[in-house]
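For reference, the structure discussed in these notes is given below.
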2 protein chains.
Amino acid sequence: MAPDPFLKDLGMHFRKARMAAGLSQEQIALRANISRPRYRDIETGAAAARATTLVNIARALGMEIMLIPQAMVPAIQSMLQPGADDDDRPAFTSDVEEEEGA
Amino acid sequence: MAPDPFLKDLGMHFRKARMAAGLSQEQIALRANISRPRYRDIETGAAAARATTLVNIARALGMEIMLIPQAMVPAIQSMLQPGADDDDRPAFTSDVEEEEGA
DNA sequence: TCGGAATGACCTGTTTACGTATCATCCACC
DNA sequence: GGTGGATGATACGTAAACAGGTCATTCCGA
């Protein structure tokens with residue numbers, strides 16, 4: 001029901017970060033204090049985790065959740081660009097317009 | 001219940017942003033597509049909103065939720081410092097260590 | 001003094017995130 | 001061919017986020 005593109009995108013960022021860290025879903029779930037099926041739902045965008053769960057997962061992946069004024073989002077996005085020598089982008093915005101040319 | 005300090009802090013940031021925008025709880029709740037009692041719970045840290053709800057509230061307040069690698073958090077925090085001429089800080093980190101003065 | 005707006009606080013009911021258990025599939029590796 | 005790890009997916013029960021309603025309190029302006 002209502003596969004929110006935002007949730008899909010968020011889950012994709014989690015997955016990329018997890019892959020980059022070479023960890024399994026179970027390891028992240030354990031660190032984030034949730035079950036594997038639940039972490040899977042979040043990573044695939046099938047469920048909307050709670051605020052506390054989000055933070056736990058982010059930290060398990062070496063990241064933090066931040067509230068950024070919309071005016072500063074572009075500046076921060078460019079700061080996070082890995083200079084085009086790597087194609088994984090750990091940062092995530094709730095802005096769906098972040099979809100750039102694949 | 002376990003009044004998570006993280007939720008308190010998150011709610012405080014929402015409240016500051018809302019005050020700065022001169023809006024009522026009801027107006028934000030309406031824009032974020034949730035009920036006022038629920039927005040109140042989130043603002044006071046009494047409830048942990050879902051990921052989708054968090055984004056809706058953030059946007060209603062002119063902000064976005066971002067996933068930031070922990071290594072970059074300090075740099076971004078300093079970027080968000082309002083030059084010391086204003087005491088409201090719209091940005092928010094899940095890092096509890098952000099508690100500075102008062 | 002009397003409203004009316006904003007907020008805090010509680011209730012009832014529905015939806016859904018969550019834990020736990022279970023099974024199927026894929027893919028190495030032996 | 002067989003075994004084990006990682007993942008996808010389902011089911012059931014519980015806890016909590018959600019909607020909607022109501023009442024008390026504070027504050028401000030007519």
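Proteins get letters first, then strands, A, B, ... in listed order; numbering begins at 1 in each.
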Exercise. Can you tell me if CD on Glu26(A) sees more than 12 non-hydrogen neighbours from other groups inside 6.0 Å?
Worked result: no
Exercise. Side chains of Met79(B) and Met79(A): closer than 4.5 Å at any heavy-atom pair?
Worked result: yes
Exercise. Should Met66(B) and Gln77(A) count as side-chain neighbours, where that means a heavy-atom distance under 4.5 Å?
Worked result: yes
Problem set entry | OP1 or OP2 of dA6(C) under 4.0 Å from side-chain N/O of Gln27(B) | no
Problem set entry | Gap between atoms CG and P, on Leu10(A) and dA17(C) respectively (whole Å) | 13 Å
Problem set entry | Rounded distance (Å) that lies between atom C1' of dA6(C) and atom CZ of Arg15(B) | 11 Å
Exercise. Looking at Gln25(A), does any N or O in its side chain come under 4.0 Å of the phosphate oxygens OP1/OP2 on dG5(D)?
Worked result: no
For this session: Determine: side-chain N/O of Thr53(A) to OP1/OP2 of dC18(C), distance under 4.0 Å, yes or no.
Result: yes
Problem set entry | Heavy-atom pair with the smallest gap, counting every atom of Ala17(A) and Leu61(A) | C-CD2, 4.1 Å
Problem set entry | Protein-nucleotide distance (Asn56(B), atom CG; dA19(D), atom P), rounded to Å | 10 Å
Exercise. Which nucleotide, dA17(C), dG8(D), dA19(D), lies nearest any side-chain atom of Arg40(A)?
Worked result: dG8(D)
Exercise. Between Arg38(A) and dT14(D), is there a side-chain N or O to OP1/OP2 distance below 4.0 Å?
Worked result: no
For this session: Ignoring the backbone of Arg18(A), work out which of dG8(C), dC18(C), dT7(D) is nearest its side chain.
Result: dT7(D)
For this session: Would you kindly give the CZ-to-P distance between Arg50(A) and dA15(D), to the nearest whole Å?
Result: 11 Å
Exercise. In whole angstrom, what separates Asp41(B)'s CG from dA16(D)'s C1'?
Worked result: 11 Å
Problem set entry | Between dA9(C) (P) and Tyr39(B) (OH): distance, integer Å | 15 Å
Exercise. Separation of Leu23(B) atom CG from dA5(C) atom P, in whole Å?
Worked result: 17 Å
For this session: May I ask you to say what Ser35(A) touches in the nucleic acid, namely base, sugar-phosphate or nothing, with a heavy-atom cut-off under 4.0 Å?
Result: base
Exercise. In whole angstrom, what separates Glu26(B)'s CD from dG4(C)'s C1'?
Worked result: 13 Å
Seminar exercise, completed: The residue, Pro37(B) or Ala48(B), whose nearest nucleotide of DNA chain D is more 5′ is Ala48(B)
Exercise. Where is the tightest heavy-atom contact between Ala51(B) and Leu54(A), given as atom of each residue plus distance?
Worked result: CB-CD1, 3.8 Å
Exercise. Any N or O donor-acceptor pair linking the side chain of Arg36(A) to the base of dG8(D) at under 3.5 Å?
Worked result: yes
Exercise. 5'-most contact on DNA chain C: Ser24(B) or Ile42(A), nearest heavy atom basis?
Worked result: Ser24(B)
